[in-house]
Amino acid sequence: MAKIETPRPVRGTQDMLGGTPEAFAERFAHVVATFDRVRRLYGFQRVEVPVFESTAVFARSLGESTDVVSKEMYTFEDRGGDSITLRPEFTAGISRAYITEGWQQYAPLKVATHGPLFRYERPQKGRFRQFHQLDAEIIGAAEPGADVELLVFADQLLKELGINDGVTLTLNTLGDAESREAWRAALIAHFEAHRGDLSEDSVDRLAKNPLRILDSKDPRDRPVADSAPDIDAYLTDEARSFFEKVTSGLDAAGVAWERNARLVRGLDYYRHTAFEFVTDRLGAQGTVLGGGRYDGLIENLGGPATPAVGWAAGIERLAMLVDVPTAPRDIVAVLPDKRDLEDEALAVAARLRRAGIRCWTPLGGNPKKLPAKARQAGVEANLFVLHPDSEGRCFNFISVSDDPSVHELFKPISAVLGEDRFGNFSHFKNNKAD
RNA sequence: GCGAUCGUAGCUCAGUUGGUUAGAGCGCCGGUUUGUGGUACCGGAGGUCGGGGGUUCAAGACCCCUCGAUCGCCCCA
């Protein structure tokens, strides 16, 4: 017989199994659940948008020359001949929906979503081809207060996830269109003057995206980048005042932040506020949550001039920083004492489950070895199903932990099964020394 | 796209300067013991040493190619 070759998982995709020691699936779910809870505190509506869009949605909004558009998109032609792209980010799709679904009537709109995104990149720590993000946007609000609210939201999320300690909020302004253009021109002039001192990569950036030279990691670029002009001197009064309102709002809300005048963001659509929550605990991937204001994007997509701000956070990256969430220990194992009691045990477990009690049941195996397996599975107690004795008693309830909550677990179980049918209730004493 | 490191049972790994039928722990399956406090013991299944080619009397160990993984560059969450 020919050997069947198992198809390999696609590079950069992940399979996450729950119940393992790493508990990555649980941490992932915990991040999402926390986001969903905190987002309600701030009044963000859940929004669902497609996983794929017409390619133009992303090409037009992210900027044709960005890496994401020029080499990282999963783009294909569907059977009708249309060019389709798997979403590499949320903002473009949400902006498109805002226009095409007539959501302007709800403006200012606060929405949140989460789900898979796709980018054709070389996978490494904290970076995947299919990855997942949390996303929050405020559309139709020009006030700096919107930026502040989004940042306070992000800050609270990270605090509630317990990862705020090693993560800092870095903040910058890219100014309005006028400021940004003036600054950009000054930067280009500066870099052109020092062209010979730049790395090869940065010479390329000079042509494609000169702002990115500012945060280059190449030591050869640092002197030139560090001596480059800050945007501050080029800010219009409006832009300066806007940024001041954002920072004073953060201070008022008690959110710690650092100015990083070298912080720029990759996508073309950012204006005014740009920010990243960064950490040094994720290898080369420092950014855990990032975003900014993107006034102008919706207009670019053919909609009305609409101010907007938003951020996205990598769920995998957050999950890697988060502690393993503690699962409630409220599971009872329902174990047949003998093989011929397997059906009976199944019936008992079914009754308990219908009563809302979490049960662990064996999938075959030697009954003698079941208690050990159940213990490994993390149950709180073992319920043995026996042949009835002369008085009709057919259950033994044995705790496998010292936790007094076992008594609480016994109550509903005995209520369902009949207390008089229990021959034994034992609660183990403290561990004896090994 | 580029670079570095790595690739032995389901998992974590040993395998001496290349030398006979490739090992351990855990897990899995079966059995005995224990009226059940991660019990003890016995037995068992499971490996084309990622794949292909080469050097050699002889390669899991050396060389080349290839595939894959990890980490880094680029870029980004």
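So you know, we letter chains A, B, ... as the sequences are listed, proteins then strands, and number each from 1.
Ring centroid separation for the pair Phe384(A) and Phe395(A) does not come in under the 6.0 Å cut-off. Aromatic ring centres of Tyr294(A) and Tyr270(A): separated by at least 6.0 Å.
The same atom, C1', is picked in C11(B) and in G53(B); the two are 32 Å apart, to the nearest Å. Nucleotides A24(B) and G31(B) place their P atoms 23 Å apart, quoted to the nearest Å. Between G68(B) and C49(B), the two C1' atoms lie 16 Å apart (nearest whole Å). Across the C1' atoms, C26(B) and C73(B) are found 38 Å apart, a figure rounded to whole Å. Between G43(B) and A4(B), the distance separating the two C1' atoms is 47 Å to the nearest Å. Atom name C1', nucleotides G52(B) and A14(B): the rounded distance is 27 Å, in whole Å. Separating the P atom of G25(B) from that of G44(B) is a span of 13 Å, rounded to the nearest Å.
Under 4.0 angstrom from either OP1 or OP2 of U70(B) there lies no side-chain N or O belonging to Gln124(A). Contact between the side-chain N/O atoms of Arg265(A) and the OP1/OP2 oxygens of C76(B) is not found at any separation under 4.0 Å.
Among the heavy atoms of the strands, none lies under 4.0 Å from Glu276(A). Heavy atoms of Arg122(A) sit under 4.0 angstrom from at least one base atom. Heavy atoms of Phe90(A) sit nowhere under 4.0 angstrom from any nucleic acid atom. Gly291(A) comes within 4.0 angstrom of nothing in the nucleic acid, heavy atoms only. No contact: Asp218(A) has no heavy atom under 4.0 Å from any strand.
Relative to the side chain of Asn396(A), the nucleotides U36(B), G68(B), A77(B) differ in distance, and U36(B) lies closest. Proximity note for Phe131(A) (side chain, C-beta onward) versus U36(B), C73(B), A77(B): the nearest is A77(B). Taking every side-chain heavy atom of Lys217(A) into account, C75(B) is the closest of U70(B), A77(B), C75(B).
Side chain Arg205(A) to base C75(B): no donor-acceptor pair is found below 3.5 Å.
Side-chain atoms of Trp311(A) come within 3.5 Å of backbone atoms of Leu150(A) as a donor-acceptor pair (strictly under, hydrogens ignored).
Across all strands shown, C73(B) forms a Watson-Crick or G-U wobble pair, both distances under 3.5 Å, with G1(B).
A cation-pi contact, defined as under 6.0 Å to the ring centre and within 45° of the axis, is absent between Arg393(A) and Phe422(A).
Closest approach of Ala228(A) to Leu187(A), counting heavy atoms only: CB-CD2, 3.8 Å.
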